[in-house]
Peer 1: 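Below is a structure I'd like to ask you about.
Heavy-atom basis, side chains included; hydrogens, waters and symmetry copies ignored.
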Amino acid sequence: MSKFNVAEYLQYFKNAASLHPSIKGFYTMDINEVLGDLRGGMQYPALILNSVNGFLNENMSQENTQGLVKAGFMVIDHADQVDDFAREMQILGNTFEYSMQILSKLKKDANCGTFIRKFDVNSIKFEMLGPVFDNDYGFMFTFDLRFFVADLSFKPSEWLKEPKEIMAGFQG
């Protein structure tokens, strides 16, 4: 089992977005990036990678630790007119289909020895979105990824012998 690597995770989904024939934009869920691109011309349909969170789980023998990463993404598209129900339904159908295609790639790649080896299909949850941002509609999917985490045993060599005299921040 591999370790979670943020750069590989971002690159994986950026690559998936670039390989998908219908996805035109890739963004991370940094609200400043999304809002900045809304003002500057966000490309639709867009894959937006959610922020990750997770937890660690140590086995009973405390020999190794696993990390469970809660990950996810959104696929959204833009409706030019507010209350254009036909366009909203078209967007929701398309973005759901694109999302399922991305999930199928993730499942295939997890079985092919990529860094995402433990994609838990049974953990997939989804939610319909809209209107969000600038009259955008689509779907958000979340799922679990399991990773090995290096042992958490304390190593004195990684620590200073004496505290630093000056630290930035709270001085109480």
Peer 1: Looking at Ser22 and Pro45, what are the two nearest heavy atoms and their distance?
Peer 2: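 In terms of heavy atoms, the two residues are closest at O-CD, 3.3 Å.
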Peer 1: So, do Leu19 and Lys105 sit near enough that their side-chain heavy atoms are less than 4.5 Å apart?
Peer 2: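 Result yes, sub-4.5 Å side-chain heavy-atom pair found.
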Peer 1: Any heavy-atom pair between the side chains of Met140 and Val75 that's under 4.5 Å?
Peer 2: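 In short, these two side chains do not touch, never coming nearer than 4.5 Å.
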Peer 1: Could you tell me if the side chain of Tyr9 sits less than 4.5 Å from the side chain of Val69, heavy atoms only?
Peer 2: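 The answer is no; the side chains never approach within 4.5 Å.
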Peer 1: Under a 4.5 Å side-chain heavy-atom rule over Ile, Leu, Val, Met, Phe, Trp and Tyr, are Leu68 and Phe141 clustered together?
Peer 2: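 No, Leu68 and Phe141 fall in different hydrophobic clusters.
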Peer 1: Output, in order, the C-alpha distance, side-chain angles, deciding distance and verdict of side chain to side chain contact (heavy atoms under 4.5 Å, CB included) for Val121 and Phe119.
Peer 2: CA-CA 6 Å; Val121 173; Phe119 168 53; 3.7 Å; yes
Peer 1: Would the number of heavy atoms belonging to other residues, nucleotides or ligands and lying under 6.0 Å from NZ of Lys107 be above 12?
Peer 2: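 Incorrect, the count does not exceed 12.
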Peer 1: Report the distance from atom OG of Ser99 to atom CD1 of Ile23, rounding to the nearest 0.5 Å.
Peer 2: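 If we round to the nearest 0.5 Å, Ser99:OG and Ile23:CD1 are 7.0 Å apart.
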Peer 1: Is the shortest heavy-atom distance from the side chain of Asp120 to the side chain of Phe143 under 4.5 Å?
Peer 2: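 They are not in contact (no side-chain heavy atoms under 4.5 Å apart), so the answer is no.
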Peer 1: Are there more than 12 heavy atoms of other residues, nucleotides or ligands under 6.0 Å from atom CG of Asn53?
Peer 2: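 Counting other residues, nucleotides and ligands, CG of Asn53 exceeds 12 neighbours.
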Peer 1: For Phe126, does the CZ atom sit with more than 12 other heavy atoms under 6.0 Å from it, leaving out its own atoms?
Peer 2: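 Check fails, neighbour count at 12 or below.
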Peer 1: Could you check whether any side-chain heavy atom of Tyr27 comes within less than 4.5 Å of a side-chain heavy atom of Gln43, counting everything from C-beta outward?
Peer 2: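 The answer is yes, as the side chains (C-beta and beyond) meet within the 4.5 Å cut-off.
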Peer 1: For the pair Asp77 and Lys24, find out whether any cationic side-chain nitrogen is under 4.0 Å from an anionic carboxylate oxygen.
Peer 2: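 Answer for the salt bridge query: no.
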Peer 1: Supply the atom-to-atom distance Tyr44 OH to Asp136 CG, rounded to the nearest 0.5 angstrom.
Peer 2: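 So the gap between those two atoms works out to 3.5 Å.
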Peer 1: Got a second to check how far Lys14's NZ is from Thr28's OG1, nearest 0.5 Å?
Peer 2: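 Reported value, rounded in 0.5 Å steps: 10.5 Å.
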Peer 1: Applying the 4.5 Å side-chain criterion to the ILVMFWY set and letting contacts propagate, would Phe85 and Tyr137 be lumped into a single cluster?
Peer 2: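 Yes, Phe85 and Tyr137 fall within the same hydrophobic cluster.
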Peer 1: Does the His78 side chain pair with the main chain of Asp134, one donor and one acceptor, at a distance under 3.5 Å?
Peer 2: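 Yes, His78 side chain to Asp134 backbone: donor-acceptor pair under 3.5 Å.
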Peer 1: Within a 6.0 Å radius of atom CE on Met128, are there more than 12 heavy atoms belonging to other residues, nucleotides or ligands?
Peer 2: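 Counting neighbours around CE of Met128, 12 or fewer heavy atoms of other residues, nucleotides or ligands fall under 6.0 Å, so no.
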Peer 1: So that I know where these two stand, are Phe26 and Phe13 an aromatic pair - ring centroids less than 6.0 Å apart?
Peer 2: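 No, too far apart.
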Peer 1: So, taking the atom named CG in Leu106 and the one named CD in Gln101, what distance separates them when rounded to the nearest 0.5 Å?
Peer 2: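 The CG atom of Leu106 sits 13.5 Å away from the CD atom of Gln101.
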Peer 1: So among Val132, Thr95, Ile48, Leu47, which one has a side-chain contact (heavy atoms from CB on, under 4.5 Å) with Met74?
Peer 2: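 Only one of Val132, Thr95, Ile48, Leu47 forms a side-chain contact (heavy atoms from CB on, under 4.5 Å) with Met74, namely Ile48.
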Peer 1: Do the side chain of Arg87 and the main chain of Val82 share a donor and acceptor less than 3.5 angstrom apart?
Peer 2: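 No.
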Peer 1: So, using salt bridge (charged side-chain N to carboxylate O under 4.0 Å, His left out) as the criterion, who are the partners of Lys70 when residues are at least two apart?
Peer 2: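 Scan of Lys70 (salt bridge (charged side-chain N to carboxylate O under 4.0 Å, His left out), adjacent residues dropped) gives Asp144.
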Peer 1: Between Tyr12 and Asp109, is any pair of side-chain heavy atoms under 4.5 Å apart?
Peer 2: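 They are in side-chain contact.
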Peer 1: Got Leu103 and Ile124 here, is their nearest side-chain heavy-atom distance under 4.5 Å?
Peer 2: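 With C-beta onward as the side chain, the pair touches.
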Peer 1: Side chains of Phe139 and Leu92, heavy atoms from C-beta outward: is any pair under 4.5 Å?
Peer 2: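 Yes. Closest side-chain heavy atoms under 4.5 Å.
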